[in-house]
Amino acid sequence: MSRPVRAGLIGTGFIGGVHAHAVRASGNILSRVAGSSPDRSAAAVGRLGAANGPGTAEEVATADDVDVVHICTPNHLHAALAELALKAGKHVVCEKPLATTSADARRLTGLAAEAGVVAAVPFVYRYYATVRDARARIAGGETGPLRLLHGSYLQDWLSDSADTNWRVDPALGGASRTFADIGVHWCDLVEFTSGHRITRLTARTLTAVGDRGGPVSTEDAATIMFETDRGAVGSLVVSQISPGRKNRLWFSLDGADASLSFDQELPETLWKGMREHTVVIPRGSSTTPGSARAYSFLPAGHPQGYQDCFDSFVADVYSAIRGGSPEGLPTFADGLRAARITEAVLGSADDGRWTAIGGEEGTWS
Ligand code: SOE
C-alpha cells in the first residue's frame, strides 16, 4: 500500500484518544470515528481529528474508506465488532481483552488467520525501550538462567466504595475485572521479556468492596503463584484498590548471575542487580544491545512515556499492514493467550487448585 493507511476508530474515551494520537503520529489518516452515541461521535470528529464524518460502530467497521479498524469500546463489544471488521476484510487493532471468553478469542484468532490480515492487541508495555533492553540482555545471557519472575501491577482508582466504572459490571467488562484489565499486561510483558511461558498457576481473588451502588461480583485484586516452561517459579499481585499506586506495573526477573527490574512509572531506567554491585541503566545507554536501541528515539534525559509506546506500537502495526515484519508485535494470538490465562486464574480462584494454561499461541518468540 503506497498511500497512507486509513483508520476507523470505534470508542472515543481515554484509550480511543491515545489510539487517535498514535494514528496521526504515524503519518497516516484517522478516517472515521464512532462513539457510544451520535452526539459523542459528532464531537469526536473535531476533537480527535477525523478526516470524514462520524458513523455508527457498524458503519466504521465496514466503511470503504477504512483499511484498519481500532476497537476501543467496553469489553463486551470487542468480539462482535472484531468479527464484523475481519469479515469486511479489514485489518484490526482490538483493545484487550480481545474477547471476554477464550472460545471467542480463539474464533477471532482463526478468522484473522483465514483473512490474512494484520490483527493486533495493544500490549503496549512491550514498547518501552528499557523493556526491549531487558529482553535483549536476557536473551544474550547477561542474567544467566532465570529462576524467579515476580512483581505486581497496582492501581488505586477503584479503592473507594464510591468508585465505579463499566468494568465492574460483568455484563460489560467480563467475568474478570482486575486480572483481565491489568494482570494480563503483566503476564504478557514478563513472558515477552523473559522468554519463559507460564505453564500452570494457582490464584486467589479478593472482592474487598462488595457494594459500589450495587453488589459487586468481579475481583478487586488477585494473587497468583506460577511455574514456567523453563523451570522458574514466580508470583504476581494485581490490584485496583491499592491507595497511592496509580499504574505501578513492576517486575523483577532474577537469574543466576543478575536480576533485572523494571517499573512502568519510572520507565527511563532499568535496574540491574549483581552480587558485588548494582547499576541503574538509562534508556539509550551505550551498553544497550543494538536491537533495543530502535525504541529509544529521544536523547537520554528527554523522557519517553506511555503515549510513545502506543505510537511505536501503531507504527509497527501499520508497517505490518505494508508487508513488514516488526519484531515483537502483539497479535490476536497473544490476546487469546491472555484470555486463557484469565480463565485459569478465575478457575483456580474458584476451586483452589493448580491449573494448567492450555494452548501454544503467542508471537513473542
Ligand atoms: C485502566 O485500568 C487501564 O487504563 C487499563 O485498561 C490499561 O490497559 C492499563 O494499561 C492502564 O489502566
Side-chain angles (χ1 to χ4, degrees), residues 9-22 36 70-78 93-100 105 120-128 130-131 151-160 163-170 172-193 205-209 212 216 218-222 236-251 262-267 304-314 317 330 332 334-335 337-339 341-342 345:
L9 176 70
I10 308 175
T12 57
F14 151 64
I15 205 66
V18 172
H19 282 245
H21 182 283
S36 55
H70 291 241
I71 301 170
C72 304
T73 62
N75 302 344
H76 69 302
L77 300 173
H78 290 179
V93 177
C94 184
E95 267 300 333
K96 37 110 302 246
L98 173 56
T100 53
V121 175
F123 287 119
V124 290
Y125 299 120
R126 293 183 183 196
Y127 287 85
Y128 278 115
T130 40
V131 163
S152 53
Y153 194 163
L154 310 174
Q155 300 179 332
D156 70 358
W157 62 290
L158 290 170
S159 48
D160 197 277
D163 298 324
T164 195
N165 179 266
W166 58 262
R167 293 179 193 281
V168 172
D169 179 353
L172 306 183
S176 167
R177 184 199 341 136
T178 303
F179 189 82
D181 190 33
I182 58 177
V184 294
H185 271 302
W186 192 94
C187 292
D188 179 81
L189 193 65
V190 164
E191 289 194 338
F192 177 73
T193 309
T205 53
L206 169 73
T207 302
V209 184
R212 296 180 184 273
V216 176
T218 50
E219 81 281 5
D220 293 319
L236 164 64
V237 178
V238 295
S239 159
Q240 292 175 326
I241 52 162
S242 294
R245 300 300 190 186
K246 300 303 175 192
N247 201 37
R248 210 238 185 194
L249 188 172
W250 178 86
F251 66 67
F262 168 78
D263 178 353
Q264 194 284 146
E265 291 182 339
L266 297 167
Q304 290 181 206
Y306 178 79
Q307 181 73 55
D308 296 297
C309 290
F310 233 100
D311 293 356
S312 294
F313 162 73
V314 168
V317 171
F332 274 22
D334 300 297
R337 178 154 179 83
I341 297 177
T342 303
V345 165

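Counting starts at 1 for both ligands and their atoms, in listed order.
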Colleague: Taking the six-membered ring for Trp, are Tyr128 and Phe262 ring centroids under 6.0 Å apart?
Modeller: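 Close enough - the centres of the two rings lie under 6.0 Å apart.
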Colleague: Would you call Asp220 and Arg212 a salt bridge, taking side-chain N to carboxylate O under 4.0 Å as the test?
Modeller: yes
Colleague: Do Arg337 and Glu191 meet the salt-bridge criterion of a basic N to acidic O distance under 4.0 Å?
Modeller: yes
Colleague: Starting from atom 7 (C) of ligand 1, locate the nearest protein heavy atom and write down its residue, its atom name and how far away it is, to 0.1 Å.
Modeller: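 Going by distance alone, atom 7 (C) of ligand 1 is nearest to Lys96 NZ, 3.7 Å.
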Colleague: Do Tyr153 and Tyr125 have side-chain N/O donor and acceptor atoms under 3.5 Å apart?
Modeller: yes
Colleague: So, applying side chain to side chain contact (heavy atoms under 4.5 Å, CB included) with Gln240, which one of Asp156, Val209, Asp181 is it?
Modeller: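 In the set Asp156, Val209, Asp181, the residue that makes a side chain to side chain contact (heavy atoms under 4.5 Å, CB included) with Gln240 is Asp181.
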Colleague: Suppose I only count heavy atoms of Phe14 and a 4.0 Å limit; which atoms of ligand 1 are within that range?
Modeller: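 Contacts of ligand 1 toward Phe14, numbered from 1: 4 (O).
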Colleague: For atom 12 (O) of ligand 1, what is the nearest protein heavy atom, given as residue, atom name and distance?
Modeller: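 Checked against all protein heavy atoms, atom 12 (O) of ligand 1 sits closest to Gln155 NE2, 2.9 Å.
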Colleague: Under 4.0 Å from a heavy atom of Tyr125: which atoms of ligand 1 are those, numbered in the order shown and with their elements?
Modeller: 9 (C), 10 (O), 11 (C)
Colleague: Say whether Tyr153 and ligand 1 are in contact under the criterion: heavy-atom distance to a ligand atom below 4.0 Å.
Modeller: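 It does, in that a heavy atom of Tyr153 comes within the 4.0 Å cut-off of ligand 1.
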Colleague: Would you find a donor on one side and an acceptor on the other, under 3.5 Å apart, between the side chain of Asp163 and the backbone of Asp160?
Modeller: yes
Colleague: Which residue supplies the protein heavy atom nearest to atom 1 (C) of ligand 1, what is that atom called, and how far is it?
Modeller: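 I find the closest protein heavy atom is Asp181 OD2, 3.3 Å.
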Colleague: What part of Val124, side chain, backbone, both or neither, has a heavy atom within less than 4.0 angstrom of ligand 1?
Modeller: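 Under 4.0 Å from ligand 1, Val124 contributes no heavy atoms.
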Colleague: Measure the distances from the heavy atoms of Arg167 to every atom of ligand 1 and state whether one is below 4.0 angstrom.
Modeller: yes
